[in-house]
Each structure stands twice: as structure tokens, then as C-alpha cells.
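What follows is a single structure, written as C-alpha cells, with notes after it.
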Amino acid sequence: MNVSSEPQRADIDALPGPAMLEFGTSWCGHCRRAQPLIAEALAAHPAVRHIKVADSAGKKLGRSFGVKRWPTLVFLRDGKEAARLVRPPSVTDITLALEKIKPA
């Protein structure tokens, strides 16, 4: 899912159920390398809302989550952070984080 405008932190905090925020940029090599890993892991978790956030130094949402490197994946359950991965190395790592937010 692509987000054309940056979501507000209050909207993210109010999200019901499982969600994954993906902070990064289209030109980031680490972000591009992670795309197939993210897609494969998410394929097995269709109930997880995937929100891509185009990040940069001036973006408030990324700063509010303390994002320093891309991609940073923040896994939320009912708006609360349950897990985080920075530059995820494998599908397995992403899947384990997704398991922490899956619906009961």
C-alpha cells in the first residue's frame, strides 16, 4: 500500500488490529532489497495492514517513532508497538515479528 501523504501519529495510534509501518524511500538500496522479503512475509498474513511511509529528515511520523535507518518496520497491535526490525535480514525475521501482532 502506498501512502501519498504522511499519516498523522494520532491516526496510527488509533489503528485497530494488526498493522505494519514501513519507513523508507524509493531510492534506498536497503529498502529495495527488503521488498521481496516483506512481500513474501506479508502474503501469509493478509489481515495485517501494510502502510508504507516515505520518510526523510523532516518527516514527523518517522521522528516520532525514532526511525534512524531505512527500512524500519514497526509492527503494531491496536496502535501499540509490539516489534521493530531495522533492515530486516530475512523473511523469517519479518514473519516472527508478524506473529507477535497476528489476530487471536
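Computed from heavy atoms alone, side chains included, the values below leave out hydrogens, waters and symmetry copies. Please read all numbers here as calculations on a predicted model, not as lab measurements.
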List the atom of P36, the atom of R33, and the distance in Å for their closest heavy-atom pair. CD-O, 3.4 Å
Can you name the nearest heavy-atom pair linking P18 to R77, along with the distance? CD-NH1, 3.6 Å
Do L15 and I51 make a side-chain contact, defined as non-hydrogen atoms from C-beta onward lying under 4.5 Å apart? yes
Any side-chain heavy-atom pair of C31 and S26 under 4.5 Å: no
Ion pair R63/D55, N-O distance below 4.0 Å: yes
For R84 and T72, what are the C-alpha separation, side-chain angles and deciding distance, and is it a side chain to side chain contact (heavy atoms under 4.5 Å, CB included)? CA-CA 7 Å; R84 175 184 295 237; T72 293; 4.1 Å; yes
Find out whether R49 and M20 are in side-chain contact, i.e. whether some heavy atom of one side chain is under 4.5 Å from a heavy atom of the other. no
Quick check: closest heavy atoms across A83 and K100, and the distance to 0.1 Å? CB-CD, 3.9 Å
Step by step, would you call L21 with I12 a side chain to side chain contact (heavy atoms under 4.5 Å, CB included)? CA-CA 9 Å; L21 300 178; I12 297 299; 3.8 Å; yes
Can you tell me if Q8 has over 12 outside heavy atoms packed within less than 6.0 Å of its CD? no
Taking all heavy atoms of A82 and all of I101, pick out the closest pair and write down the distance. CB-CG2, 3.6 Å
What's the verdict on side chain to side chain contact (heavy atoms under 4.5 Å, CB included) for F23 and L73, showing C-alpha distance, side-chain angles and the deciding distance? CA-CA 6 Å; F23 291 93; L73 307 180; over 6 Å; no
Considering all heavy atoms, the nearest K52-Q35 contact: NZ-OE1, 3.0 Å
same_hphob_cluster(V74, V48) at 4.5 Å side-chain heavy-atom cutoff: no
Search all heavy atoms of L85 against all heavy atoms of A97 and return the closest pair with its distance. CD1-CB, 4.2 Å
